[in-house]
Amino acid sequence: MLQPILFALLGGTLVSVSRAINGRLSLATSAMSASFWNHLVGFLFLSAVALLWGGLMPGGWPDAPVTAWFGGTIGVLFVASGSWLVARIGATLTAMLVIAGQMVSGVALDLALGQSDGLLPKAAGVALILAGMVLARRSR
Amino acid sequence: MPNRLAYPLAFASGGLLTLMVLFNGQWAREGTPLFASWMAHGTGTVAALIFLLLLRAGRKPSARPGKAPLWAYLGGLSGAVTVMLTSTTVNSFLALSGTLALGLAGQAGFSLLSDRFGWFGLPARRIGATDLAALALILAGSLLVIFT
């Protein structure tokens, strides 16, 4: 009961940890360079995990639409922008605005894919998020 | 001045995250979460290298002040462990919505501490009441989106 809760909290914490570490690296190099090291180190680490524990491709190479190949490239842009942002506007504001963008675009994507369950509470959620963004803007 | 650009950029980068999760998840649907993350990091390394070459081509090498400490190169470990943690929690009673919600709490809590005390060699920042109110609104709205 407790373990998944701690893992999920730690997962979120590590998102912010990696953004801060990459932000520090970007100060000495560049945001894109920080993103490169982030991906290379992550790739080497995950390769080692796969070699030690297995489980990389239990059912052979998985079939996936061609868009799956672009997830990594989008991730590179995401990490680069996060590194740039955290060094300039701070961790809290970066996290807030990224979360806001993720939620609002997630709702938009659901709509685009024709999933409109619970539209009213989701619209209310988006309204709260936008209000929070306006407030965040005021405080600067 | 960079703040003007930073707000829309941060919001847009949240949109990138949605797309990234969607596309990486396409590997995980038939493969494993480990495979999805491994592919994303592998193709990402190649993509970042290409971006770096393209950026360098148009710019003369600039002298940047200071050297980064060795730990600053290890941000990728943190991201890789995140994937391993969350791929177990989405299959627990928490499911995706609980994982996302607690993840937001972890991000918010850690970011506040990190800003307040200037962790990781980044400038310390004052957190005001307005910041906290904005954070509360965004988190409340996010919970509504996640759980409905």
Side-chain angles (χ1 to χ4, degrees), chain A residues 4 7-9 11-18 20-22 24-25 28 32 35-43 45-46 56 62 64 67-68 71-76 78 81 85 88-92 95-98 100-103 105-106 118 121-122 125 128-129 131-132 135-136 139, chain B residues 2 6 10-11 13-20 23-24 26-27 30-31 35 38 40-45 47-48 51-52 66 68 72-73 75-80 82 85-86 89 92 94 99 102-103 106-107 110-112 114-115 120-121 125 130-131 134 137-138 140-142 144-145 148:
Chain A
F7 274 20
L9 277 171
T13 303
L14 288 177
V15 169
S16 295
V17 169
S18 72
I21 296 177
N22 289 324
R24 174 62 187 86
L25 181 56
M32 187 53 76
S35 185
F36 166 75
W37 284 105
N38 176 83
H39 282 81
L40 180 64
V41 169
F43 180 71
F45 175 74
L46 290 167
L56 191 62
T67 41
T73 305
I74 294 170
V76 165
F78 175 71
S81 60
L85 287 160
R88 281 162 185 80
I89 60 171
T92 308
M96 263 197 255
L97 294 170
V98 170
Q102 185 187 10
M103 292 299 149
S105 61
K122 281 198 164 77
L128 280 178
I129 291 169
L135 199 57
S139 82
Chain B
F11 189 71
S13 113
L16 284 180
L17 189 57
T18 295
L19 269 186
M20 184 193 88
F23 290 168
N24 287 342
Q26 292 169 340
W27 289 121
E30 289 182 54
F35 179 79
W38 183 74
H41 280 84
T43 55
T45 303
F51 285 138
L52 275 179
Y73 287 87
L77 292 184
S78 188
T82 303
L85 290 172
T86 52
T89 59
S92 75
L94 288 176
T99 300
L102 288 168
Q107 282 186 59
F110 183 85
S111 298
L112 286 170
S114 161
D115 271 345
F120 297 104
R125 282 160 206 278
T130 320
D131 297 305
L137 277 175
I138 290 174
S142 301
L144 261 178
V145 169
T148 54

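These numbers come from the heavy atoms of this one structure, side chains and all, not from hydrogens, waters or symmetry mates.
- Most heavy-atom pairs under 4.5 Å with chain A: of the set B:Asn24, B:Leu77, B:Leu137, this distinction falls to B:Leu137.
- Of the residues considered (A:Leu85, A:Val15, A:Val41, A:Thr67), A:Thr67 shows the highest number of contacts with chain B, using heavy-atom pairs under 4.5 Å.
- Among the candidates B:Val145, B:Thr43, B:Leu19, the residue making the largest number of heavy-atom pairs closer than 4.5 Å to chain A is B:Val145.
- Using a 4.5 Å cut-off between heavy atoms, B:Ser142 touches chain A through backbone and side chain atoms alike.
- Closest approach of B:Leu52 and A:Met32 over heavy atoms only: CD2-CG, 3.7 Å.
- For A:Ser105 against B:Gly14, the heavy-atom pair with the smallest separation is OG-O, 3.8 Å.
- Ring pair B:Phe120/B:Phe110 is tilted by interplanar angle, where 30° to 60° counts as tilted.
- Of all the listed residues (A:Leu40, A:Leu56, A:Val98), the one sharing the greatest number of non-hydrogen pairs under 4.5 Å with chain B is A:Leu56.
- Per-residue heavy-atom pair counts under 4.5 Å with chain A were compared for B:Ala40, B:Gly103, B:Gly75, B:Ala68, and the maximum is reached by B:Gly75.
- Between chain B and the options A:Gly90, A:Gly106, A:Ala95, the largest number of non-hydrogen pairs under 4.5 Å is found for A:Gly90.
- A donor-acceptor contact closer than 3.5 angstrom is absent between the side chains of B:Thr99 and B:Thr86.
- A 4.5 Å side-chain heavy-atom check between A:Thr73 and B:Phe51 finds at least one atom pair inside the cut-off.
- Between A:Ile89 and A:Leu97, some side-chain heavy-atom pair lies under the 4.5 Å cut-off.
- At a 4.5 Å heavy-atom cutoff, the contact between B:Ser13 and chain A is made by backbone and side-chain atoms alike.
- With a 4.5 Å cut-off on non-hydrogen atoms, B:Leu94 touches chain A through its side chain but not through its backbone.
- In this structure, chain B has a heavy atom under 4.5 Å from the side chain of A:Val76, while its backbone stays farther away.
- Chain B forms more heavy-atom pairs under 4.5 Å with one residue of A:Ser35, A:Gly75, A:Ala64, A:Gly118 than with any other, namely A:Ala64.
- Looking only at heavy-atom pairs under 4.5 Å with chain A, the residue among B:Ala80, B:Gly79, B:Ser114 that has the most is B:Ala80.
- Among the candidates A:Gly71, A:Ala68, A:Gly125, A:Gly42, the residue making the largest number of heavy-atom pairs closer than 4.5 Å to chain B is A:Ala68.
- Rounding to the nearest 0.5 Å places CD of A:Gln102 at 9.5 Å from CD1 of A:Ile129.
- Taking CZ of B:Arg125 as the reference point, atom CG of B:Asp115 lies at 6.0 Å (rounded to 0.5 Å).
- The aromatic rings of A:His39 and B:His41 lie tilted to each other, with the angle between the two planes from 30° to 60°.
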